[in-house]
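Notes follow once the structure below has been shown.
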Amino acid sequence: MVKSASLEANALVEAMKRGDFYASSGVTFEELGYDRKAGSLRLKIAGVEGETYETKFIGTRKKTPEKIGEVLATVAGLEPSYQLQGDELYVRAVVTSSRVHPNPSFKDQHQQAWTQPVGWRK
């Protein structure tokens, strides 16, 4: 999913260069925001009636870089958020729906969405 001003090729490429996209196998977001100054990642999931959603905020901490992609927090519901603590190299959200994927790549696969990593410092 790409957040772009238009469907023109140049606009899509520019949006992707900015990181204004996320991957999905069925879950969609109504809103997705990272406030760099406040250090918070907020999501608003476009929920489907009868489905539940679990979001895992995954990242790597500066003090334990060997633990790549550890689960930093798990939040249920349609509006999960994560407040960075300041010791993360990055954080990304992985949202999993209770709905089974209609064309699974692996056993018991559910529909999901993955955000781009945030929190990188230059």
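The structure displayed is predicted, hence computed values, not measured ones. FYI, side chains are in, hydrogens and waters are out, and symmetry mates aren't considered; it's all heavy atoms of this structure.
Listed by first and then second residue, the side chain to side chain donor-acceptor pair (under 3.5 Å) pairs that reach into residues 11-25 are R18-D20, sequence neighbours excluded. Each salt bridge (Lys or Arg N to Asp or Glu O under 4.0 Å) pair with one or both residues in residues 101-115, not counting sequence neighbours, would appear here, but there are none. Contacts classified as side chain to side chain donor-acceptor pair (under 3.5 Å) and involving residues 64-78 (residues at least two apart or in different chains) are not found.
In this structure, H110 contributes its side chain and S98 its backbone to a donor-acceptor pair below 3.5 Å. Counting only distance, with no hydrogens or angles, the side chain of Q85 and the backbone of Q83 share a donor-acceptor pair below 3.5 Å. Checked by atom type and distance alone, the side chain of T60 pairs as donor or acceptor with a backbone atom of G69 at under 3.5 Å.
With sequence neighbours excluded, the residues satisfying side-chain hydrogen bond (donor to acceptor under 3.5 Å, both in side chains) with R61 are D87. Take Y53 and apply the ring-ring contact (aromatic ring centres under 6.0 Å, His included) test, not counting sequence neighbours, and it matches no residue. Listed by chain and number, the residues in a side-chain hydrogen bond (donor to acceptor under 3.5 Å, both in side chains) with S4 amount to none (sequence neighbours excluded). Scored by the side chain to side chain contact (heavy atoms under 4.5 Å, CB included) test, A5 finds no partners at all (sequence neighbours excluded). Looking at residues two or more places apart in sequence or on another chain, you find a salt bridge (charged side-chain N to carboxylate O under 4.0 Å, His left out) between E30 and K44. R42 pairs by the side-chain hydrogen bond (donor to acceptor under 3.5 Å, both in side chains) definition with nothing, not counting sequence neighbours. Remark: F21 engages no residue in a ring-ring contact (aromatic ring centres under 6.0 Å, His included) (not counting sequence neighbours). Scored by the side chain to side chain contact (heavy atoms under 4.5 Å, CB included) test, S6 finds E8, A11 as partners (sequence neighbours excluded).
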Donor-acceptor contacts, no H, no angles, side chain residues 111-119, under 3.5 Å, sequence neighbours left out:
{"unit_1": "Q112", "atom_1": "NE2", "unit_2": "T96", "atom_2": "OG1", "d": "2.8"}
{"unit_1": "T115", "atom_1": "OG1", "unit_2": "A93", "atom_2": "N", "d": "2.9"}

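Side-chain heavy atoms closer than 4.5 Å link hydrophobic residues (I, L, V, M, F, W, Y) into clusters, and following such links, possibly through other members, connects M1 to V27. The hydrophobic cluster containing L12 does not contain F29, counting ILVMFWY residues as joined when their side-chain heavy atoms lie under 4.5 angstrom apart, directly or transitively. A continuous path of ILVMFWY side-chain contacts below 4.5 Å connects V71 to V94, so both sit in one hydrophobic cluster. Follow the hydrophobic side-chain contacts under 4.5 Å out from L89 and you never reach I58; the two are in separate clusters.
Residues P65 and K62 come closest through the heavy atom pair CD-O, 3.2 Å.
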Could you walk me through whether F57 and L84 pass the side chain to side chain contact (heavy atoms under 4.5 Å, CB included) test, one step at a time? CA-CA 10 Å; F57 292 95; L84 278 75; over 6 Å; no
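Put simply, CG on L43 and CD on E79 are 9.5 Å apart, with the number rounded to the nearest 0.5 Å. Rounding to the nearest 0.5 angstrom, the gap separating the OH atom in Y82 from the NZ atom in K56 is 14.5 Å. Taking CG of L41 as the reference point, atom OH of Y90 lies at 13.0 Å (rounded to 0.5 Å).
V95 pairs in a side-chain contact (heavy atoms from CB on, under 4.5 Å) with only one of the listed residues (T55, L78, V75, T28), which is T55.
Taking the side chain as every heavy atom from C-beta outward, E51 and R99 approach each other to under 4.5 Å. V2 is listed as a side-chain neighbour of M16, based on a closest heavy-atom distance under 4.5 Å. Side-chain contact check for I45 versus S97: every heavy-atom pair is 4.5 Å or farther apart.
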